[in-house]
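What follows is a single structure, written as structure tokens, with notes after it.
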Amino acid sequence: KAGVTQTPRYLIKTRGQQVTLSCSPISGHRSVSWYQQTPGQGLQFLFEYFSETQRNKGNFPGRFSGRQFSNSRSEMNVSTLELGDSALYLCASSRSAGGAFAFFGQGTRLTVV
Amino acid sequence: AQRVTQPEKLLSVFKGAPVELKCNYSYSGSPELFWYVQYSRQRLQLLLRHISRESIKGFTADLNKGETSFHLKKPFAQEEDSAMYYCALSPETSYDKVIFGPGTSLSVIP
């Protein structure tokens, strides 16, 4: 059974640009959650999607957005990138809504220069 | 407010010594508690959950509702236990998100 797959693994962008990250959940999982991981802040919740609907959102500015497709794959978009957006972005999938018993992807390392 | 705290950012123990990673939470209902572990260069993975009352890799964790704690313990630390450990809370309804603590970096000294 394939795990959670995130693409790309690494990204370098310049300030002001936008970026789209992709997450393919485990087959049969309908919940996808996104987290930002930084050394200083740890894991910070971005948002959760379940059956193509955003169910929860963390305390991030509107530059951070996401969506989920009918096959449960999810994308996360960050517009007008800032240096502080440099982080590891993790995606997690689970069968049920709420993100419990989540399986994590390896993450996308975003560097903003 | 719902919150998970892990008071130790860094914890160092000698190989063979007991280890306890502390986790406290604030939540008004009856949540589910988990421990996640992230080894160097590996993905974050679920270590154990309080409901199953199991021991994984020698680790156990007991939910103490009176003290709102869910400390992770192992009687004899091994070098391969060195990792980042996150305590997490899943609310009793599926309408709220999972909340992670800030994490504790465990270093086992050979």
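Below, chain A is the first sequence line, B the second, and so on; all start at residue 1.
Side-chain contact, A:Q106 with B:Q42: no donor N or O sits under 3.5 Å from an acceptor N or O.
Counting heavy-atom neighbours within 6.0 Å of A:F69 CZ, excluding the residue itself, gives a total above 12. The local environment of NZ in A:K57 is crowded, with over 12 non-hydrogen atoms from other residues, nucleotides or ligands closer than 6.0 Å. In this structure, A:R63 places its CZ atom where more than 12 heavy-atom neighbours from other residues, nucleotides or ligands lie under 6.0 Å away. For A:N59, the CG atom counts as loosely surrounded, since its 6.0 Å shell holds 12 or fewer non-hydrogen atoms of other residues, nucleotides or ligands. Within a 6.0 Å radius of CD1 in B:I109, other residues, nucleotides and ligands contribute more than 12 heavy atoms.
Under the 4.5 Å side-chain heavy-atom criterion for ILVMFWY residues, a single connected hydrophobic cluster contains both B:F70 and B:I99. One hydrophobic cluster holds both A:L11 and A:L46 under the rule that ILVMFWY side chains link at heavy-atom gaps under 4.5 Å. Cluster membership check: B:F14 does not share its hydrophobic cluster with B:Y85, using side-chain heavy-atom separations under 4.5 Å among Ile, Leu, Val, Met, Phe, Trp and Tyr.
Looking only at side-chain heavy atoms (C-beta outward), B:Y86 and A:L43 come within less than 4.5 Å of each other.
Applying the ring pair (Phe, Tyr, Trp, His ring centres under 6.0 Å) test to A:Y89 and every residue at least two apart in sequence or in another chain returns nothing.
Residues of residues 13-22 of chain A lying within less than 4.5 angstrom of chain B, judged on heavy atoms, are absent.
Using modelled atom types, no side-chain atom of B:R43 and backbone atom of A:L90 make a donor-acceptor pair closer than 3.5 Å.
B:L46 contributes atom CG, which lies 7.0 Å from atom CZ of A:F103 (distance to the nearest 0.5 angstrom). Taking CZ of A:F104 as the reference point, atom OH of B:Y36 lies at 5.5 Å (rounded to 0.5 Å).
Heavy atoms of A:Q44 lying under 4.5 Å from chain B are absent altogether.
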